[in-house]
Structure formats: structure tokens, C-alpha cells
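Treat the numbers as computed from the prediction; the structure is a model and nothing was measured. Order of the sequence lines fixes the chain letters, A, B, ..., with proteins taken first and strands second; residue numbering starts at 1 for each chain. Below, all heavy atoms of this structure are taken into account, side chains as well, without hydrogens, waters or symmetry copies.
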Protein chains: 2
Amino acid sequence: MSEHYSISDLATEFGITPRTIRFYEDHDLLAPERDGQRRIYSRRDRGRLAWVLRAKRVGFSLSEIADMLDLYDLDDDRAQQRHVTLEMCRKQLQDLESQRHDLDATIDELSSFCDLLEKLEAGQDPASLKPSFPAFFTEPRP
Amino acid sequence: MSEHYSISDLATEFGITPRTIRFYEDHDLLAPERDGQRRIYSRRDRGRLAWVLRAKRVGFSLSEIADMLDLYDLDDDRAQQRHVTLEMCRKQLQDLESQRHDLDATIDELSSFCDLLEKLEAGQDPASLKPSFPAFFTEPRP
DNA sequence: CTTGACGTTTACGTTAACGTAAACTTAGTC
DNA sequence: GACTAAGTTTACGTTAACGTAAACGTCAAG
């Protein structure tokens with residue numbers, strides 16, 4: 001009943017390359033069994049990989065993921081593991097929301113710059129525009 | 001009337017390091033005059049630098065910025081330059097909005113994962129939860 | 001037998017935007 | 001003349017997450 005997977009089984013299933021999976025193993029995110037040289041992945045390994053990929057999707061770095069996985073291996077009733085993971089998720093959530101703020105501000109700035117360019121395109125007088133903005137455009141070349 | 005600036009003048013004014021300014025020069029974003037070895041920046045150089053930094057703020061890479069600046073140097077009446085720049089800005093704006101979509105999706109996924117962890121924290125039965133989600137948490141260790 | 005598919009390890013390459021250190025010159029001041 | 005501050009060039013280091021290539025092992029099919 002305990003299914004096994006080859007490295008390319010998992011690679012194709014998750015849409016990644018074998019190189020990536022070995023890279024994760026090098027960084028202690030996975031530790032599959034061996035049949036001689038060949039890596040044999042259990043269902044638990046598969047679950048770990050799925051966890052790693054989802055954590056990556058939500059913006060965690062591999063070292064942060066490693067921390068959470070280490071914690072999982074240490075904590076026998078997994079209460080502390082869940083707790084720490086939850087804290088990390090909350091902090092990450094704050095980071096992401098801060099990123100969204102920055103991104104929105106960037107979009108706003110770029111939008112108004114587009115507006116300005118469109119006005120110039122429409123043949124406005126550059127002198128009538130805010131002086132700070134198109135300084136480079138109005139500055140003469142030597 | 002044509003003011004001049006030293007490299008540290010501009011560095012302090014814009015809150016960057018001299019190294020950064022030299023780096024930009026290495027990549028043909030700036031081309032200041034020289035007094036022997038020393039770099040002398042004109043007001044046009046200062047305008048270019050301001051332009052570079054603003055373009056960076058709105059998410060352009062240095063090579064994209066270089067393209068726009070090259071265009072500026074080529075286009076004598078600057079009509080084409082503005083036009084191409086406007087196109088690049090619109091495309092960049094699309095990229096940023098697509099990034100925001102991804103970011104929002106990530107935030108959603110992470111939020112619901114937080115919810116799940118909170119339920120576990122509150123002492124729910126793991127078996128009652130969606131099986132796909134906490135697969136790794138419920139999977140036993142060998 | 002040999003070809004091909006799959007696996008392995010080792011190790012250097014990639015990208016962006018600089019940081020950092022070494023070793024030197026130039027200008028101004030005490 | 002010595003010291004200090006600021007400047008210069010050259011060149012290697014940094015970070016993340018792999019890609020890519022070399023050189024080799026293994027096993028089943030034709």
C-alpha cells in the first residue's frame with residue numbers, strides 16, 4: 001500500500017524538473033530512500049514536496065520552508081509546529097500586504113506618468129505641466 | 001548658470017551611493033564630463049539620473065531604461081521617444097497589474113491556510129478538514 | 001552488442017544591481 | 001611634509017533558485 005515514486009514521477013506530477021527535486025534534497029527539504037543510487041520517494045516524501053511547492057507559491061523562501069519542516073520533525077505532537085508556522089504565515093501575510101501597498105503606489109505613479117505622456121502626445125505645452133515631472137524631457141541636449 | 005555637481009553631491013541628494021552612480025555610468029545611463037579624473041555632472045546629467053531613478057521606482061529594469069534613454073538621444077524632436085516610452089509604460093502597467101493579480105491570489109491562498117491552521121490550533125479534528133490541504137500535516141512520520 | 005531512456009554526482013553558469021575591498025591619485029589644510 | 005577627505009579604477013563577492021554540461025552507471029529492448 002505504501003506507494004513509491006521515482007524522481008521523474010514526481011517531477012512530471014508537479015511540473016518541475018528532476019534537477020529541482022535534487023536541489024531541494026541538497027538543501028535538506030527532502031530525504032528520500034535509496035535503492036542503490038536511485039532515489040525512492042514515499043508518500044510522505046511526496047507530501048513534503050507538495051508542501052514545499054505550496055509554501056513557495058505563497059512566497060516563502062526555501063530556507064523559511066526548511067525551518068518549518070525542521071520544526072515538524074522536532075515537534076512530536078505538532079502543536080508547536082502548527083503554532084510557529086501560523087506565526088510565520090501571519091508575518092508573511094503582512095509582508096505580502098505591504099508589497100501590495102508598494103505595488104499599488106507604483107501603479108499609481110506609473111499611471112499618472114502615462115497620463116502626462118498622453119497629454120504631451122496630444123500636443124500640450126510642456127511648459128504648462130508640473131515642472132518637477134518632465135524635467136528630463138524639457139532639458140535641452142548640449 | 002549651468003550648475004555642476006560632484007558625484008557625492010548627487011549621491012546625497014538622491015540618497016544613493018557613489019558606487020551606484022558609477023555603476024549607471026558603466027552601463028551607459030550617464031556620461032558626465034571629466035575634470036581630469038573627477039566626474040563633473042551637469043544639470044542635464046542630474047535630470048537623467050532623476051529620470052533613471054524614477055523609472056526604476058516604477059519597475060523598469062536598467063536595460064529598459066537604457067533603451068528609453070538611447071531613444072531620447074536619437075530622436076531629435078522627441079516625438080517618437082515619447083511615443084515609444086508611452087508604449088513601454090503601458091506594457092509595464094499591464095505587467096504590474098498582472099503582478100497584483102498574482103499577489104492577491106497568493107494572499108488569498110495564504111489567508112485560507114492561516115484559517116486552517118487556526119482551526120487546528122483551536123483543537124478541531126484534522127479528519128474533518130479538506131483532505132487535500134493538510135496532507136503533509138496528517139501524514140505520519142516513519 | 002549497442003542503443004536509448006533514465007538515473008547519478010560534481011561543479012560551473014545565470015541574472016540584477018549593486019557592495020566591498022585594495023591600492024592609488026589629487027586637493028586642500030595644518 | 002604629513003594628514004585627511006574625496007575621488008579614481010579594477011575586480012571579486014553577494015543572493016536565490018535553479019539551468020546546463022560533463023562524465024559516468026544501469027537496465028531493458030531490439
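The side chain of A/Ser8 sits closest to C/dG7 out of D/dT8, D/dA17, C/dG7. Distances were taken from every side-chain heavy atom of A/Phe23 (C-beta onward) to each of C/dA17, D/dC18, C/dG7; the shortest belongs to D/dC18.
The distance from atom OH of A/Tyr5 to atom P of C/dG7 is 16 Å, rounded to the nearest whole Å. B/Arg57 has its CZ atom 17 Å from the C1' atom of C/dA17, to the nearest Å. Rounded to an integer number of Å, the gap from A/Phe14 CZ to D/dA17 P is 19 Å. The interatomic distance linking A/Asp9 (CG) with C/dG7 (P) rounds to 8 Å, in whole Å. B/Arg22 places its CZ atom 12 Å from the P atom of D/dT10, with the value rounded to the nearest Å. At whole-Å resolution of the value, CG in A/Leu53 and P in D/dC18 are 9 Å apart. A straight line from CD of A/Glu25 to C1' of D/dA17 spans 16 Å, rounded to a whole angstrom. A straight line from CD1 of A/Ile7 to C1' of C/dT8 spans 9 Å, rounded to a whole angstrom.
Note on B/Thr20: every side-chain N or O is 4.0 Å or more away from OP1 and OP2 of C/dA17. The side chain of A/Ser6 places no N or O atom within less than 4.0 Å of a non-bridging phosphate oxygen (OP1 or OP2) of C/dC6. B/Tyr24 has no side-chain polar atom (N or O) that falls below the 4.0 Å cut-off from OP1 or OP2 of C/dA17.
With hydrogens and angles left out, the side-chain atoms of B/Ser42 and B/Asp45 include a donor and acceptor closer than 3.5 Å.
Contact check for B/Asp67 versus B/Val84: no side-chain heavy atoms found under the 4.5 Å cut-off. Residues B/Leu49 and B/Phe14 form a side-chain contact, since some pair of their non-hydrogen atoms from C-beta on lies under 4.5 Å apart. Between B/Glu33 and B/His4 there is no side-chain heavy-atom pair separated by less than 4.5 Å.
Residue B/Arg19 places a side-chain atom within donor-acceptor reach of the base of C/dT20, judged by atom type and a 3.5 Å distance cut-off alone.
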Residues A/Arg100, B/Asp104; criterion side chain to side chain contact (heavy atoms under 4.5 Å, CB included); working and verdict: CA-CA 8 Å; A/Arg100 187 169 55 181; B/Asp104 285 344; 2.7 Å; yes
Intermediate values then yes/no, salt bridge (charged side-chain N to carboxylate O under 4.0 Å, His left out), A/Glu25 and A/Arg22: CA-CA 5 Å; A/Glu25 181 176 345; A/Arg22 293 190 200 102; over 6 Å; no
Side chain to side chain contact (heavy atoms under 4.5 Å, CB included) between B/Lys56 and B/Leu62, worked out: CA-CA 7 Å; B/Lys56 255 182 62 64; B/Leu62 292 189; 3.7 Å; yes
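The residue A/Ser61 sits close only to the backbone: its heavy atoms come under 4.0 Å of sugar-phosphate atoms, none of a base. Within 4.0 Å (heavy atoms only), A/Thr17 reaches sugar-phosphate atoms of the nucleic acid but no base atom.
Within residues 29-40 of chain A, the residues having any heavy atom under 4.0 Å from DNA chain C are, by residue number, A/Arg34, A/Gln37, A/Arg38, A/Arg39.
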